[in-house]
Amino acid sequence: MKKVSIIDVAKQAGVSVSTVSLVLRQKGKISEATIEKVHAAINTLGYVHNTAAANLRANTSNLIGLILRDFSDSFSIKVMASIVQELEKQGYMVFLGQPLNDHEHLERCLLSFKQQGVAGVIYLASDTRTSTLPPQIRDCPLPLVVVSQSLLNEPCNLVMRDNRQAANLATRYLIERGHRNIAYIGGREGCLIREQRLLGFRSAMAQYGLVNREESAPACSDDTQAASFVTRQLLEKNNTITALLCHSPDAMIGSISGIHHVGRTVGKDVFLTQQVALVGFEDMLHVNLTSPSFTYVSSASEETGRQAAGLIIRKLKEPELQTQRITLSGQLIARESA
């Protein structure tokens with residue numbers, strides 16, 4: 001069977017080859033009627049556009065390299081899905097790399113991107129204990145956008161979540177509903193996300209003239225057992241605590257266990273002293289199948305992905321674009337737990 005060419009498409013649509021080329025590359029001022037005729041001809045003939053060959057001829061690329069180092073992190077996975085969806089809408093394809101946490105694997109990943117001819121790189125930072133990028137990423141010669149869950153001290157194009165705002169919003173929400181003794185559960189010592197959220201938590205407490213005790217923010221490892229233990233300890237020492245901010249999904253689940261261990265329940269009624277209100281920092285669909293459903297501040301993961309995709313596209317189209325720093329705020333979703 002003869003291979004269908006762009007000339008065949010032009011003849012079928014009754015237009016010039018250059019017009020078909022412009023339609024395929026989404027360039028030029030082409031009427032909607034002409035675009036529809038070209039696409040109808042493509043569908044009728046079964047023409048497949050060789051994007052790689054076209055890019056080679058034009059010395060361009062529609063490939064974007066995406067580096068994701070932690071597939072266990074729900075925020076990064078949601079951001080990745082949003083980035084891929086947005087880039088595909090704009091005619092780009094994603095080349096995914098998952099280097100291990102060492103410099104050699106990262107170098108190989110970037111070399112592979114170069115060999116595949118990617119036009120730019122989006123890096124999903126996963127290390128929440130450092131405010132700097134790996135040197136290989138910092139020195140990347142390609143257009144670069146970094147997505148981070150915490151504040152980075154780097155002069156790069158950056159899309160990040162506002163952890164301080166999220167904790168401040170959650171704390172004010174609880175205070176305005178009558179809670180006066182609030183604690184923060186979870187996050188390891190040295191975790192930048194935890195440190196930024198504690199700034200927001202403490203600023204809200206101070207704003208309302210409430211006492212903030214150091215022992216009301218116990219750190220622990222990222223597992224449910226550790227969170228359960230510190231929650232139980234905290235509530236046994238201070239039974240006047242009526243609300244908890246939970247650092248992570250594991251902290252939320254562990255807190256529920258700790259609350260039950262001391263004979264109390266999860267709930268929003270501040271006047272029922274046995275109830276403890278819970279607020280998290282991302283949606284937990286796997287937990288919300290149970291009752292009560294959990295109040296949380298959204299992580300803005302989908303918007304983060306859209307912004308990162310949009311920024312890398314703008315950077316490709318405008319190489320001289322000034323460095324951008326986009327900070328995204330979450331929204332509080334009120335449910336049954338607070």
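Positions are given from 1 along the sequence.
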**Asked** Between Asn181 and Thr240, is any side-chain donor less than 3.5 angstrom from a side-chain acceptor?
**Response** yes

**Message:** I'd like to know if Leu321 and Val159 are part of one continuous hydrophobic network [Ile/Leu/Val/Met/Phe/Trp/Tyr, side-chain heavy atoms within less than 4.5 Å].
**Reply:** yes

**Message:** Is it the case that the side chain of His261 and the backbone of Ser257 share a donor-acceptor pair, with hydrogens and angles ignored and the cut-off at 3.5 Å?
**Reply:** yes

**Same cluster (ILVMFWY, side-chain, under 4.5 Å), Ile83 and Val146** = no

**Message:** Which residue in the set Ile256, Val266, Leu278 passes side chain to side chain contact (heavy atoms under 4.5 Å, CB included) when paired with Pro292?
**Reply:** Val266

**Message:** With no hydrogens and no angle check, just 3.5 Å: does a side-chain donor-acceptor pair link Thr323 and Asn157?
**Reply:** no

**Asked** When you measure from the side chain of Gln324 to the backbone N and O of Gln322, does any donor-acceptor pair fall under 3.5 Å?
**Response** yes

**Prompt:** Is a donor on one side and an acceptor on the other found under 3.5 Å between the side chain of Ser337 and the backbone of Thr295?
**Reply:** yes

**Item:** Identified side-chain hydrogen bond (donor to acceptor under 3.5 Å, both in side chains) partner of Asn163 from the options Arg194, Gln196, Glu195, Gln149
**Value:** Gln196

**Request:** Give the cluster check for Val121 versus Leu96: same hydrophobic cluster or not, with ILVMFWY residues linked at side-chain heavy-atom distances below 4.5 Å.
**Result:** no

**Request:** In sequence, state the C-alpha distance, the side-chain angles, and the governing distance for Thr327 and Asp162, and then conclude on side-chain hydrogen bond (donor to acceptor under 3.5 Å, both in side chains).
**Result:** CA-CA 6 Å; Thr327 304; Asp162 192 337; 5.8 Å; no

**Message:** Working note: Arg69 + Gln98, criterion side-chain contact (heavy atoms from CB on, under 4.5 Å); need CA distance, chi angles, decisive distance, verdict.
**Reply:** CA-CA 5 Å; Arg69 303 184 81 165; Gln98 192 207 4; 5.5 Å; no

**Message:** Around atom CZ of Phe95, are there more than 12 heavy atoms from other residues, nucleotides or ligands closer than 6.0 Å?
**Reply:** yes

**Item:** Minimal non-hydrogen separation, Ala170 against Val279, with atom names
**Value:** CB-CG1, 3.8 Å

**Request:** Establish, from distance only, whether the side-chain atoms of Ser5 and Asp8 form a donor-acceptor pair under 3.5 Å.
**Result:** yes

**Request:** Kindly assign one of parallel, tilted or perpendicular to the pair Tyr184 and His247, based on the angle between their ring planes and the thresholds 30° and 60°.
**Result:** perpendicular

**Prompt:** Distance only, no hydrogens: is a donor on one side chain within 3.5 Å (strictly under) of an acceptor on the other, for Asp250 and Thr224?
**Reply:** no

**Prompt:** Do Lys78 and Glu302 meet the salt-bridge criterion of a basic N to acidic O distance under 4.0 Å?
**Reply:** no

**Message:** Treating Gln12 as the side-chain partner and Ala41 as the backbone partner, does any N or O pair qualify as donor plus acceptor under 3.5 Å?
**Reply:** no

**Complete:** Smallest heavy-atom separation, Arg325 atom then Leu151 atom, equals NH1-CD1, 3.5 Å

**Asked** Just checking, is any N or O donor in the side chain of Thr231 or Ser228 under 3.5 Å from an acceptor N or O on the other one?
**Response** no

**Request:** Without swapping roles, check the side chain of Arg177 against the backbone of Lys268 for a donor-acceptor pair under 3.5 Å.
**Result:** no

**Request:** State whether Tyr296 and Arg335 meet the cation-pi test: NZ (Lys) or CZ (Arg) under 6.0 Å from the six-membered ring centroid, and within 45° of the perpendicular axis.
**Result:** no

**Donor-acceptor side-chain pairing of Glu176 and Tyr208 below 3.5 angstrom** = yes

**Message:** Treating Gln165 as the side-chain partner and Gly330 as the backbone partner, does any N or O pair qualify as donor plus acceptor under 3.5 Å?
**Reply:** yes

**Prompt:** Backbone N or O of Tyr92 within a donor-acceptor pair of the Asn62 side chain at under 3.5 Å?
**Reply:** no

**Request:** Step through the shown structure and confirm whether more than 12 heavy atoms of other residues, nucleotides or ligands are within 6.0 Å of CD on Glu107.
**Result:** yes

**Prompt:** Looking just at side-chain N and O atoms, do Asn168 and Arg164 make a donor-acceptor pair shorter than 3.5 Å?
**Reply:** no

**Asked** Do Glu214 and Arg202 meet the salt-bridge criterion of a basic N to acidic O distance under 4.0 Å?
**Response** yes

**Asked** Is there a donor-acceptor contact under 3.5 Å linking the side chains of Ser31 and Thr34?
**Response** yes

**Message:** Counting only heavy atoms from other residues, nucleotides and ligands, does the tally under 6.0 Å from CD of Glu215 exceed 12?
**Reply:** yes

**Prompt:** Do Gln307 and Leu328 touch side chain to side chain, with heavy atoms closer than 4.5 Å?
**Reply:** yes

**Prompt:** For the residue pair Ala183 and Ile241, what are the closest heavy atoms and their distance?
**Reply:** CB-CD1, 4.1 Å

